[in-house]
Engineer: 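Just passing along the structure, written as structure tokens.
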Number of protein chains: 2
Amino acid sequence: MGIYQTSTKTRQALIDATGQLAAEKGFNAISTRAIAQLADENIGSIHYHFGGKDKLFEAVILSVATRWLENPLEDALTGIDILTAAGQAQAIRLIVSRDISLLFDKEVPSWHNRVIFQVMQYPNPLQNTFRAIVLERENEVICRLFKTIDPAMDDETAELHFLLLLTPLIFHADYQNIILQKLGQTEYSPQYLQRLVDTCVTQTLLFFNLPTSANETSHDSE
Amino acid sequence: MGIYQTSTKTRQALIDATGQLAAEKGFNAISTRAIAQLADENIGSIHYHFGGKDKLFEAVILSVATRWLENPLEDALTGIDILTAAGQAQAIRLIVSRDISLLFDKEVPSWHNRVIFQVMQYPNPLQNTFRAIVLERENEVICRLFKTIDPAMDDETAELHFLLLLTPLIFHADYQNIILQKLGQTEYSPQYLQRLVDTCVTQTLLFFNLPTSANETSHDSE
DNA sequence: TATAAATTTAGTCGACCGACTAGATTTGGT
DNA sequence: ACCAAATCTAGTCGGTCGACTAAATTTATA
């Protein structure tokens, strides 16, 4: 009939192997033969199931993008009154927590993050689509929040604060290998991630004179 | 006798072309023929002058690393008394300013930054050397500073603050294309970079209760 | 179990890769 | 101007790449 069970299994094996290899060496450095070997599938299956190497890559990228599409930032912020200082503080904390959850969910293959940032970095057909999905939407919501906090803020400044808030998270995802090597660990501990969230959030709240009390472990610098 | 003038010119042309292409497509995606064509040199010259593609890549990486080796962070901090709060604040500001200068110096080819971050990201023989040059040294100095500010701070927390302080700068260098595209500009304006420095520094100073007065444009969030 | 469709397999194809070389050309000190 | 050393050039080589195919095999149904 339409599709046999073995088909979806083969497709997934090829996608996983591709993501794994791409995370390790970069999309530009891997061959269809290496992919097929790691997936324990025949190289011809790439052509049969995806139509070629490029299409396989698109499928990999799409499988990552789907997860972000299914978890829009707006959903995480429903019910927050961003017109009050307390609500604004809570929104900032929720944004950071939500991104940490998405980036470092242990259920998700570790190659997802590397795929994201490679697509962002190098020209490819899906780049704009992907940026729109993963970045633009988040960017827009957060910039609007900053402009609510300070109505006099211009676009460029809002962008700047967007970047300042999220780049620590992004860097922890993009350069996970280096950081973990430096920390002498194999994965971020929940405590470390919690501290990352707290510190990011606190720095931003302090900058905007927003209340830091909420549900945070007290911060004391001496 | 040893070396003719044309030789250094050819070598430099090949290094520049390689850096330019690598920045655009990634080291793994460029061929010796493409390099030679962009450099307007013969492909055989790569073998003659460098001994092969890999050695050429090493020369490119080394040409970038040299610049960081020649500008150690320690030099920027001489004469600062990091035992006083004012000195600590000044040190943090100097660190950030110095990195911004190195990363966004208009005299330096724009491919330098992309080379740095590709070497950091993907396994290669010079990776550890490079990390030691560009990251470790900076890391050590800054972590020591944080531990001076708060003697009770543990290593992991110091690392965290190191990352929080510098990742915005690093991200602005690593993802320069995306950010500039979003800002609708072709290069960061001095004003934007200054604001980036000020905000990064202020956030950190506020977090550690250090004086923000120094030589900074006053910060007021409403 | 018989069967047609779906899938897997092994192998071929031309294109391009990096490495290398022998010979032509240029350089710079004399 | 001469010439030996340095450099440049065009081209060959074996190897790997992605695309593709025809035949073998497996699957799900009747």
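Proteins come first, then strands; the chains are lettered A, B, ... in the order of their sequence lines, and each starts at number 1.
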Engineer: Let me know, please, whether A/T32 or B/H49 comes out on the 5' side of the other along DNA chain D by nearest nucleotide.
Structural biologist: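 The answer here is B/H49.
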
Engineer: Using the side-chain heavy atoms of B/T6, tell me which of these nucleotides is nearest: D/dG11, C/dT27, D/dA28.
Structural biologist: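 Out of D/dG11, C/dT27, D/dA28, the nucleotide with an atom closest to B/T6's side chain is C/dT27.
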
Engineer: I need the NZ-C1' distance between A/K9 and D/dT26, as an integer number of Å.
Structural biologist: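 After rounding, the gap between these two atoms is 12 Å.
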
Engineer: Provide, to the nearest angstrom, the distance between the CG atom belonging to B/L14 and the C1' atom belonging to D/dT9.
Structural biologist: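 Distance, rounded to whole Å: 14 Å.
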
Engineer: Could you tell me how far apart B/R33 (CZ) and D/dA10 (P) are, to the nearest whole angstrom?
Structural biologist: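 B/R33 atom CZ is separated from D/dA10 atom P by 13 Å.
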
Engineer: In whole Å, what is the span from the CD1 atom of A/I3 to the C1' atom of C/dT8?
Structural biologist: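 In whole Å, C/dT8 C1' and A/I3 CD1 are 16 Å from each other.
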
Engineer: Within the pair A/S31 and D/dT16, is there a side-chain N or O less than 4.0 Å away from OP1 or OP2?
Structural biologist: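 For D/dT16, neither OP1 nor OP2 has a side-chain N or O of A/S31 closer than 4.0 Å.
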
Engineer: Assess whether one donor atom and one acceptor atom, taken from the side chain of B/Y48 and the base of D/dA6, lie less than 3.5 Å apart.
Structural biologist: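 Not at all, since no donor on one side and acceptor on the other fall under 3.5 Å apart.
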
Engineer: Flag the pair B/F104 / B/H112 as yes when their ring centroid distance falls below 6.0 Å, and as no otherwise.
Structural biologist: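 No - the distance between ring centres of B/F104 and B/H112 does not fall below the 6.0 Å cut-off.
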
Engineer: Relative to the 5' end of DNA chain C, which residue comes earlier, B/H47 or B/A34, by the nucleotide with the nearest heavy atom?
Structural biologist: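 So the residue in question is B/A34.
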
Engineer: Atom CD1 of B/I43 and atom P of C/dT21: how far apart are they, to the nearest Å?
Structural biologist: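 One finds 15 Å between P of C/dT21 and CD1 of B/I43, rounded.
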
Engineer: From the set D/dA19, D/dA4, D/dT9, return the single nucleotide nearest to any side-chain atom of A/K53.
Structural biologist: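 Side chain of A/K53 sits closest to D/dA19.
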
Engineer: Roughly, in whole Å, what's the span from CZ in A/F57 to P in D/dC17?
Structural biologist: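 The answer, rounded to whole Å, is 12 Å.
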
Engineer: Taking A/F27 as the fixed residue, which of A/F57, A/F117, A/W111, A/Y122 is the one that meets the ring pair (Phe, Tyr, Trp, His ring centres under 6.0 Å) rule?
Structural biologist: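 For A/F27, the ring pair (Phe, Tyr, Trp, His ring centres under 6.0 Å) test succeeds with only one of A/F57, A/F117, A/W111, A/Y122, which is A/F57.
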
Engineer: Cut-off 3.5 Å, side chains only: do A/D174 and B/Q121 have a donor facing an acceptor?
Structural biologist: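 Yes.
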
Engineer: Among C/dA19, C/dT9, C/dT26, which nucleotide sits nearest the side chain of A/E41?
Structural biologist: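 Closest nucleotide among those given: C/dT9.
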
Engineer: Expressed as a whole number of angstroms, how long is the span from B/Y4:OH to D/dA4:P?
Structural biologist: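 Value for this atom pair: 12 Å.
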
Engineer: Is the ring centre of A/F207 less than 6.0 Å from the ring centre of A/H161?
Structural biologist: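 Aromatic pair counts; centres sit under 6.0 Å.
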
Engineer: For A/K55 and D/dG18, what is the distance between atoms NZ and P respectively, to the nearest whole Å?
Structural biologist: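 It is 16 Å, rounded to the nearest whole Å.
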
Engineer: Heavy atoms only: give me the nearest B/A65-B/F130 pair and the separation to one decimal.
Structural biologist: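 So the two residues come closest at CB-CE1, 3.4 Å.
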
Engineer: Pick base, sugar-phosphate or nothing for A/L56, based on heavy-atom distances below 4.0 Å to the nucleic acid.
Structural biologist: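 Here A/L56 touches no strand at all.
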
Engineer: Between C/dA6 and A/S7, is there an OP1 or OP2 to side-chain N/O distance shorter than 4.0 Å?
Structural biologist: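 No.
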
Engineer: Is there a side-chain polar atom (N or O) of B/N42 under 4.0 Å from OP1 or OP2 of D/dT7?
Structural biologist: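 No.
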
Engineer: Have a look at B/I35 and say if it touches a base, only the backbone sugar-phosphate, or nothing, with a 4.0 Å heavy-atom cut-off.
Structural biologist: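 Result for B/I35 = nothing.
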
